[in-house]
Each structure stands twice: as C-alpha cells, then as structure tokens.
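A short worksheet on the structure shown next.
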Amino acid sequence: MEHLEGKYQHERSENFDEFLKAIGVPLIPRKLMLTSKPDVEVVRDGDRWTIRMLTLIKTIEYAFTPGEVVKSETMGGLAENVFSVEGSCIRQTQKSANYTTEIVREFSQEGLAMTLTHVESGTVCHRYFKRI
C-alpha cells in the first residue's frame, strides 16, 4: 500500500463552495477556505496512518488505525471519524451533531482525488491533488 503514502499539492476543486455551505461554514471562513491551496501528506507506520492537510491558516491531522473512532474539531463542533483502507482508497465517515460527511480519497501514481459528500443534502465536492 505504499502507493498511498506521499505528499500531494492542490490543483483544483469542484463545487467546494456549495459543499462548505451545506456543512454550515459561515461566509468569511468559507471565502478564506476557497482561496487556500492545501498540501496533503499521507504517512503509514505499520497499521497506523496519518493524514495531514496543511494550509496557511491551519493544519488538520487525522491519526488512525482503520476501524477505530477518532475525534476531531470541525466548524460544527466535535465530530467522530471512522476510516477504512480499501485497495487504493482511504474512506472516512465523519459525524458531528450537525451533519455527516463521507470522504473518499482515491490514490494513483499521478495524485489524489477526493470526493466529499454531505450526506443530508447529497451535495458532492471533488478536490484534486498532484503527487509531489
């Protein structure tokens, strides 16, 4: 599974503003997030994985073993995350008091494609990153 590990640089996003609206991100933070070009880093140490999304404003980090519940802070408060690793994909389900999102990270030799779905509304966003 080494092909999942690496560093990735943001290239483009599709429908990101609508996704951020769906999960309840206020206007000013949403506008800042829309201008951000994050880097993603994926590291594996045995059964333990770490995904970092690095921006100028904030670094979001998830450290997990597949199947375990990992708590994190979101715009909507505290959320519980569960990850699975399936072939060339890392799947994440994030549940907060206000919403549920499903995130699929698909890895290839060229890069990373993320699909983010706001479950309640069905709003889907795609984000693309090239391997660096």
Side-chain angles (χ1 to χ4, degrees):
M1 286 192 217
E2 287 75 23
H3 62 283
L4 280 66
E5 295 179 87
K7 293 184 179 182
Y8 304 86
Q9 184 177 54
H10 183 263
E11 290 189 305
R12 62 188 168 87
S13 295
E14 297 170 358
N15 211 36
F16 192 43
D17 189 40
E18 291 305 313
F19 176 80
L20 294 173
K21 286 179 190 175
I23 65 172
V25 177
L27 179 64
I28 300 300
R30 194 170 73 238
K31 294 301 178 190
L32 286 172
M33 293 172 79
L34 290 171
T35 63
S36 175
K37 303 293 183 199
D39 288 338
V40 175
E41 182 179 20
V42 180
V43 178
R44 179 182 180 202
D45 183 12
D47 290 339
R48 195 96 178 131
W49 291 83
T50 303
I51 299 174
R52 286 182 196 91
M53 185 167 279
L54 306 123
T55 70
L56 293 174
I57 301 166
K58 183 178 183 179
T59 296
I60 299 168
E61 180 174 310
Y62 300 103
F64 64 92
T65 300
E68 80 174 325
V69 175
V70 177
K71 296 188 185 224
S72 66
E73 276 294 322
T74 69
M75 295 297 275
L78 195 61
E80 293 187 343
N81 303 271
V82 177
F83 294 83
S84 65
V85 180
E86 304 166 10
S88 63
C89 293
I90 297 177
R91 298 180 183 277
Q92 174 185 2
T93 300
Q94 183 177 78
K95 293 183 180 184
S96 75
N98 300 323
Y99 61 84
T100 300
T101 59
E102 293 177 352
I103 303 165
V104 178
R105 295 171 178 88
E106 295 182 66
F107 298 86
S108 68
Q109 291 300 325
E110 293 76 36
L112 161 63
M114 287 178 62
T115 302
L116 300 91
T117 304
H118 177 252
V119 173
E120 290 79 3
S121 70
T123 303
V124 177
C125 164
H126 298 281
R127 305 193 81 188
Y128 299 95
F129 301 79
K130 68 179 178 180
R131 190 179 289 270
I132 52 175

Under 4.5 Å between side-chain heavy atoms, counting indirect links through other Ile/Leu/Val/Met/Phe/Trp/Tyr residues: same cluster for [X] and [Y] or not?
X: Leu34; Y: Ile60; answer: yes
X: Phe16; Y: Tyr128; answer: no
X: Leu112; Y: Val124; answer: no
X: Val70; Y: Leu116; answer: yes
X: Ile103; Y: Val82; answer: no

Which residue is it: Ile132, Val42, Asp39? I am looking for the one with a side-chain contact (heavy atoms from CB on, under 4.5 Å) to Tyr8. Val42
So among Gln94, Glu68, Gln92, which one has a side-chain contact (heavy atoms from CB on, under 4.5 Å) with Phe83?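 It is Gln92; the other options fail the test.
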How far does [atom1] of [X] sit from [atom2] of [Y], to the nearest 0.5 angstrom?
X: Lys58; Y: Ser36; atom1: NZ; atom2: OG; value: 12.0 Å
X: Met33; Y: Phe19; atom1: CE; atom2: CZ; value: 8.5 Å
X: His126; Y: Glu14; atom1: NE2; atom2: CD; value: 6.0 Å
X: Met53; Y: Met114; atom1: CE; atom2: CE; value: 4.0 Å
X: Leu20; Y: His118; atom1: CG; atom2: NE2; value: 11.0 Å
X: Leu32; Y: Leu27; atom1: CG; atom2: CG; value: 9.5 Å

Closest contact, heavy atoms only, [X] versus [Y]:
X: Arg131; Y: Ser108; answer: NH2-O, 2.9 Å
X: Arg48; Y: Ala63; answer: NH2-O, 3.3 Å
X: Asn81; Y: Ala79; answer: ND2-O, 3.9 Å
X: Gly87; Y: His3; answer: O-NE2, 4.2 Å
X: Pro66; Y: Val85; answer: CG-CG2, 3.8 Å
X: Thr74; Y: Ser96; answer: OG1-CB, 4.3 Å

Please walk me through it: do Thr65 and Asp47 pass side chain to side chain donor-acceptor pair (under 3.5 Å)? CA-CA 6 Å; Thr65 300; Asp47 290 339; over 6 Å; no
Salt bridge or not for Lys95 and Glu80, using N-O below 4.0 Å? no
Sidechain N-carboxylate O distance under 4.0 Å for Glu86, Arg91: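 A salt bridge is present here (some side-chain N lies under 4.0 Å from a carboxylate O).
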Mind running side-chain contact (heavy atoms from CB on, under 4.5 Å) on Ile51 and Ile90 for me, showing each step along the way? CA-CA 10 Å; Ile51 299 174; Ile90 297 177; 4.1 Å; yes
For a side-chain contact (heavy atoms from CB on, under 4.5 Å) check, start with the C-alpha distance between Val40 and Lys7, then their side-chain angles and the critical distance, and finish with the verdict. CA-CA 6 Å; Val40 175; Lys7 293 184 179 182; over 6 Å; no
Specify whether Trp49 and Phe64 have parallel, tilted or perpendicular ring planes, treating 30° as the upper limit for parallel and 60° as the lower limit for perpendicular.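 Rings of Trp49 and Phe64: parallel, under 30°.
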Is a side-chain N or O of Ser121 found less than 3.5 angstrom from the main chain of Thr123, in a donor-acceptor match?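 Answer holds: yes.
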Just by modelled atom types, is the Tyr99 backbone N or O under 3.5 Å from a matching donor or acceptor in the Glu120 side chain? no
Does Arg44 form a salt bridge (Lys or Arg N to Asp or Glu O under 4.0 Å) with Glu5? I'd like the steps, not just the answer. CA-CA 7 Å; Arg44 179 182 180 202; Glu5 295 179 87; 5.6 Å; no
Between Thr55 and Pro38, is any pair of side-chain heavy atoms under 4.5 Å apart? yes
